[in-house]
Amino acid sequence: MLEALRKNAIAGSVNDPDNAEIYINAMEKLVCSVQELSHARTLEEIIRIVRLAARELTGADGATFVLKDREHCYYVEENAIAPLWKGKRFPLETCISGWVMNHKQAACIEDIYTDPRIPAEAYQPTFVKSLVMVPVRRQNPVAAIGNYWATKRLPSDFEVALLQALADSTSVAMENVTLYNDLQRKIKALQESNDELSHFSWVVSHDLKEPLRTIKTHADILTEKFGTKLGDKATMHLNVISRGTDRLQALIKDLLIHASIFRSSQFSAVDTKKLIDEIVDEDLQVMIKETRAKIEYGDMPVIWGNAASISRLLQNLICNAIKFVDGKTRPHVKITCDREFDSYRFAVTDNGIGIEHEYHQRIFDMFARQHSQDEYPGSGIGLATCKKVVELHGGNIWVESEPHKGSTFLFTLVPSHESGGR
Ligand code: ADP
């Protein structure tokens, strides 16, 4: 298209500096409009850009942007020395924009009163004497762009090519807007269905807690009161029930935590150093003491997020880093954070058993585990919760690890505006 424009512009007078200047000016305007159109996110924005560009490009006395509205041409916008037809609808067969869209080709008219395609009565109240009209989306037009002059003149090939270049960019922009809107609608529907599913899991898990507690209490009462009188087999069965309910209770607790993380959670500035202090001194204090784990961390940033979810994320990762070591090793966990462009990259590194490469992605799925319950107890929900938290905060989470060489879990979060990106 650019080559065609260039050829048209300088055809016949290659060395004419006036011609070259017209060409360069027009190209600059066209490039600006194309750039603006590529950023448009709504049809209104496209209409606003085309309204100005269509007239400026050729220096015409007027320009219109016409949308195909089923069987009608809808003159949605105009920019002219005097009013044209803004806001009016005409049947496709009765006006030149309809002809252009039906025939999928441009129309250049030197004298509108001698062209049978022009309804003279519609033009009589206007200044228009000549025009060019081009289709938007040539294969299957959805709109048309027109240029009008108050004098009789045949629009040059260059003017037609310029206007068609604008129309082609408009067509791409309109398709982008449709795709963008579709995507937004789908994202919204997906988010709503995710929230619904989270809410449903929360309700189910919550309702399961009570009957499970009853089973557990009664199994404990039986063991306590009749333990000695019951035979070995009955005691063994009661122990199985008790262990099973313990596991189920732990599973429900993890499911409830996972389901309680909603997109609509409150966000604020979160001091991650304070959160880690609390996790180490309170939440995981017993585990850290029992395993003699060494937890190392320095300055940590203030990020933008939901404090409870971020605390859960850090707690799960630190807990795993302490848990997944071989029996002889004293756990050593290092938490660091680096600033990267517009986000923070956190890393939780351990000296544990490491993770096979084929599990690096899978362990973030719900219930995915690399080990049996006997080796390392757990529900397989913790990392899925971490992923949910990080993604709700617009970040990424991944692991770098080799078997027997420890693991580093990395994730990104955005800085708090209030902290000034500290
Ligand atoms: P859980 O800890 O309850 O098993 P997670 O979702 O937290 O569930 O972890 C899933 C699996 O990922 C674990 O079962 C384990 O196999 C692996 N894993 C997680 N963290 C580590 C770690 N720091 N070192 C080695 N393996 C890990």
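Both ligands and their constituent atoms are indexed starting at 1 by order of listing. Numbers for residues simply follow the sequence, beginning at 1.
Under the 3.5 Å distance criterion, the side-chain polar atoms of Ser309 are left unmatched by any main-chain donor or acceptor of Gly305.
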Identify each donor-acceptor pair in which a side-chain atom of residues 50-58 lies under 3.5 Å from a protein atom, sequence neighbours left out, and give them as a table.
residue: Arg51; atom: NE; partner: Glu77; partner atom: OE1; Å: 3.4
residue: Arg51; atom: NE; partner: Glu78; partner atom: O; Å: 3.1
residue: Arg55; atom: NE; partner: Ala60; partner atom: O; Å: 3.0
residue: Arg55; atom: NH1; partner: Asn79; partner atom: OD1; Å: 3.3
residue: Thr58; atom: OG1; partner: Ala60; partner atom: N; Å: 3.4
residue: Thr58; atom: OG1; partner: Asn147; partner atom: OD1; Å: 2.4

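With sequence neighbours excluded, the residues that form a ring pair (Phe, Tyr, Trp, His ring centres under 6.0 Å) with His103 are Trp99. Residues that satisfy the salt bridge (Lys or Arg N to Asp or Glu O under 4.0 Å) test with Glu391, not counting sequence neighbours, are Lys387.
For the pair Glu210 and Arg213, the salt-bridge criterion is met [side-chain N within less than 4.0 Å of a carboxylate O].
When every heavy atom of Ala259 is checked against every heavy atom of Ser201, the shortest pair comes out as CB-CB, 3.9 Å.
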Below 3.5 Å only, please: the N or O atoms of ligand 1 paired with protein N or O atoms, distance on each line.
residue: ligand 1; atom: 2 (O); partner: Asn320; partner atom: OD1; Å: 3.2
residue: ligand 1; atom: 2 (O); partner: Lys323; partner atom: NZ; Å: 3.0
residue: ligand 1; atom: 3 (O); partner: Ser379; partner atom: N; Å: 2.9
residue: ligand 1; atom: 3 (O); partner: Gly380; partner atom: N; Å: 3.0
residue: ligand 1; atom: 4 (O); partner: Arg369; partner atom: NE; Å: 2.6
residue: ligand 1; atom: 4 (O); partner: Arg369; partner atom: NH2; Å: 2.9
residue: ligand 1; atom: 6 (O); partner: Gly382; partner atom: N; Å: 3.3
residue: ligand 1; atom: 6 (O); partner: Leu383; partner atom: N; Å: 2.8
residue: ligand 1; atom: 7 (O); partner: Asn320; partner atom: ND2; Å: 2.8
residue: ligand 1; atom: 7 (O); partner: Leu383; partner atom: N; Å: 3.4
residue: ligand 1; atom: 8 (O); partner: Gly380; partner atom: N; Å: 3.3
residue: ligand 1; atom: 14 (O); partner: Arg369; partner atom: NE; Å: 3.4
residue: ligand 1; atom: 16 (O); partner: Gln370; partner atom: N; Å: 3.0
residue: ligand 1; atom: 16 (O); partner: His371; partner atom: ND1; Å: 3.1
residue: ligand 1; atom: 20 (N); partner: Asn320; partner atom: ND2; Å: 3.4
residue: ligand 1; atom: 23 (N); partner: Asp350; partner atom: OD2; Å: 2.8

